[in-house]
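Here's the structure, in structure tokens; my notes come after.
Numbered from 1 within each chain, the chains take letters A, B, ... in sequence-line order.
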There are 2 protein chains.
Amino acid sequence: MNYDEAKTKFVSTWGSLGTLWGINKAMAQIQALLFISIKPLCMEDIMEELKISRGNTSMNLRQLMDWGIVTKVIIPGERKEYFTTEKEVQELARVIAKERSRREIKPVVKVLKEVSSIADDGTEKTKELIKQTKALHDLTETADDMINKLVNQKQNWVTKSLLKLIK
Amino acid sequence: MNYDEAKTKFVSTWGSLGTLWGINKAMAQIQALLFISIKPLCMEDIMEELKISRGNTSMNLRQLMDWGIVTKVIIPGERKEYFTTEKEVQELARVIAKERSRREIKPVVKVLKEVSSIADDGTEKTKELIKQTKALHDLTETADDMINKLVNQKQNWVTKSLLKLIK
DNA sequence: TCAAACTTTCAATAATTATTGAAAGTTTGT
DNA sequence: ACAAACTTTCAATAATTATTGAAAGTTTGA
């Protein structure tokens with residue numbers, strides 16, 4: 001496998017993993033492309049490499065910037081804008097996890113709390129609903145906390161030592 | 001909020017969370033419904049509660065059974081089939097994480113390993129590709145390992161004490 | 001072995017989500 | 001103030017994914 005093959009393989013695989021953290025293919029691919037690029041890229045570069053339209057590129061770059069993963073770079077003497085991505089995987093993971101938690105997990109935890117707090121009218125079905133949603137609430141909240149805490153540890157040794165602990 | 005409101009809210013919220021673990025809405029809703037039901041339900045019950053078609057119900061039940069989350073229950077004297085879901089949240093989380101890892105994370109880890117193992121031809125761009133995909137490989141693999149290990153600990157105290165550790 | 005009771009399959013359709021491309025908007029140098 | 005160089009917006013369209021419903025399949029009891 002040569003450089004170009006490896007690059008294409010990486011970009012498309014990382015793109016398809018997008019769903020795993022709730023972003024679309026193009027967005028994930030743009031990030032992947034920037035992630036392995038040795039210099040900032042402009043819109044043309046990205047459009048050409050990924051064969052996507054200008055509008056698509058613009059919209060997805062915007063979202064990546066909103067997330068704080070991609071930043072605009074101004075190159076003196078150049079009119080057009082260039083882009084780079086966060087190069088530290090640890091930091092990348094932090095941002096993604098944080099965003100995911102905020103957008104998707106937190107609202108669910110909130111609903112679970114509400115539902116598990118309804119008045120116990122004494123019927124078996126209500127008891128079951130309360131019991132099960134409470135269990136789900138605890139699990140979800142704990143998992144969310146853990147992910148956030150883990151991912152906020154910037155030093156990699158924490159992850160490694162934890163992993164050893166639970167082996 | 002009374003029982004029926006709470007139930008509807010829970011089922012639809014849990015359904016929309018489906019994307020988070022890579023299953024579709026109907027599948028997540030069926031599971032949610034069974035999760036708070038005090039007795040096994042048949043296809044009619046599910047169709048009626050969720051207002052979905054017979055075909056949809058059948059296909060999604062099948063997939064839930066393939067995942068090992070839902071099991072068929074035979075009620076003596078009854079012709080039709082009944083279904084229940086795993087009621088332990090811990091076990092539920094285990095199955096979901098395992099499935100997700102197998103279907104989505106493992107293949108990506110494999111590709112990252114391949115890509116990061118290409119020959120270093122000495123160019124800067126190749127070095128960068130290798131370096132970055134290697135970092136991603138390590139992170140992804142570590143995260144995957146952690147999730148699997150954590151989720152395999154059936155006792156809840158492990159999670160709790162770990163959480164304390166990293167607070 | 002038949003028919004009633006039930007489940008599965010799958011082509012057609014609907015719903016959702018991503019992408020395009022061209023017009024409108026913005027910025028910059030002269 | 002203008003025009004060139006660039007970016008953004010968004011309605012239209014395409015691609016993808018989920019859902020339906022009816023026909024085919026299966027099981028069971030008499």
Side-chain angles (χ1 to χ4, degrees), chain A residues 11-34 40-67 70-84 100 103-104, chain B residues 11-34 40-67 70-84 100 103-104:
Chain A
V11 171
S12 74
T13 303
W14 202 242
S16 70
L17 190 67
T19 55
L20 195 69
W21 60 54
I23 68 180
N24 73 40
K25 205 180 71 180
M27 196 172 153
Q29 287 189 343
I30 293 173
Q31 198 277 325
L33 190 62
L34 292 173
L41 303 180
C42 68
M43 253 175 58
E44 288 299 332
D45 295 337
I46 296 169
M47 287 167 61
E48 187 170 328
E49 290 262 17
L50 302 180
K51 308 271 182 266
I52 60 178
S53 73
R54 189 173 298 282
N56 200 3
T57 307
S58 171
M59 284 165 92
N60 284 110
L61 274 172
R62 150 61 54 98
Q63 208 181 333
L64 283 165
M65 286 189 287
D66 286 349
W67 279 39
V70 163
T71 47
K72 209 174 270 188
V73 176
I74 291 155
I75 298 189
E78 288 268 18
R79 185 107 161 215
K80 60 191 166 202
E81 300 172 324
Y82 285 78
F83 303 90
T84 358
R100 197 92 213 257
R103 295 194 311 166
E104 304 188 65
Chain B
V11 171
S12 74
T13 304
W14 202 243
S16 70
L17 190 68
T19 55
L20 195 70
W21 60 54
I23 68 180
N24 73 39
K25 205 179 69 180
M27 196 171 152
Q29 288 188 344
I30 293 172
Q31 199 277 325
L33 191 62
L34 293 172
L41 303 180
C42 68
M43 253 174 59
E44 288 299 332
D45 295 337
I46 296 169
M47 286 167 59
E48 186 169 328
E49 291 263 17
L50 302 180
K51 308 271 181 266
I52 60 178
S53 72
R54 190 174 297 282
N56 200 2
T57 308
S58 171
M59 283 163 94
N60 284 111
L61 274 173
R62 152 60 56 96
Q63 208 180 332
L64 284 165
M65 286 190 286
D66 286 349
W67 279 39
V70 163
T71 47
K72 207 173 274 189
V73 176
I74 291 154
I75 297 190
E78 288 268 17
R79 185 107 160 214
K80 58 191 165 198
E81 300 172 325
Y82 285 78
F83 303 90
T84 357
R100 197 95 213 254
R103 293 195 311 168
E104 304 188 65

Item to complete: Have a look at B:Asn24 and say if it touches a base, only the backbone sugar-phosphate, or nothing, with a 4.0 Å heavy-atom cut-off.
Response: sugar-phosphate
Discussion item. For B:Glu48, give me all partners under salt bridge (charged side-chain N to carboxylate O under 4.0 Å, His left out), at least two apart in sequence or on another chain.
Written reply: none
Fill in: Pairwise distance SG(B:Cys42) to CZ(B:Arg79) - rounded to 0.5 angstrom
14.0 Å
Worksheet, complete the sentence: Taking for B:Met43 and for A:Arg54 the nucleotide of DNA chain C with the nearest heavy atom, the one nearer the 5' end belongs to B:Met43
Worksheet item: Taking for each residue the nucleotide of DNA chain D with the nearest heavy atom, is it B:Arg79 or A:Arg62 whose nucleotide lies nearer the 5' end?
Response: A:Arg62
Atom pairs and distances, donor-acceptor, side-chain atoms in residues 22-33 of chain B, under 3.5 Å, two or more places apart:
residue	atom	partner	partner atom	Å
B:Asn24	OD1	B:Ala26	N	3.1
B:Asn24	OD1	B:Met27	N	2.9
B:Asn24	OD1	B:Asn60	ND2	3.4
B:Gln31	OE1	B:Trp14	NE1	3.3
B:Gln31	NE2	B:Thr85	OG1	3.2

Fill in: Distance in Å, A:Met65 CE paired with A:Arg62 CZ, rounded so as to fall on 0.5 Å steps
6.0 Å
Worksheet item: Between CG of B:Leu41 and OG1 of B:Thr57, what distance do you get to the nearest 0.5 Å?
Response: 11.5 Å
Response to the item:
Contacts of A:Met65 and A:Lys25 projected onto DNA chain D by closest heavy atom; the upstream (5') one is A:Met65
Worksheet item: Can you list the stems that include DNA chain C, where a stem is three or more consecutive Watson-Crick or G-U pairs with distances under 3.5 Å?
Response: C:1-30 with D:1-30
Discussion item. Tell me every residue that passes salt bridge (charged side-chain N to carboxylate O under 4.0 Å, His left out) with B:Lys72, counting only those two or more places apart in sequence or in another chain.
Written reply: B:Glu81
Worksheet item: Which nucleotide of DNA chain D is the first, and which the last, in the 5' to 3' direction, to come under 4.0 Å of a heavy atom belonging to chain A?
Response: D:dA4 to D:dC10
Worksheet item: Roughly how far, to the nearest 0.5 Å, is CZ of A:Phe83 from CG of A:Leu64?
Response: 10.0 Å
Item to complete: Report the residues that fulfil salt bridge (charged side-chain N to carboxylate O under 4.0 Å, His left out) with A:Glu78, sequence neighbours left out, ordered by chain and then residue number.
Response: none
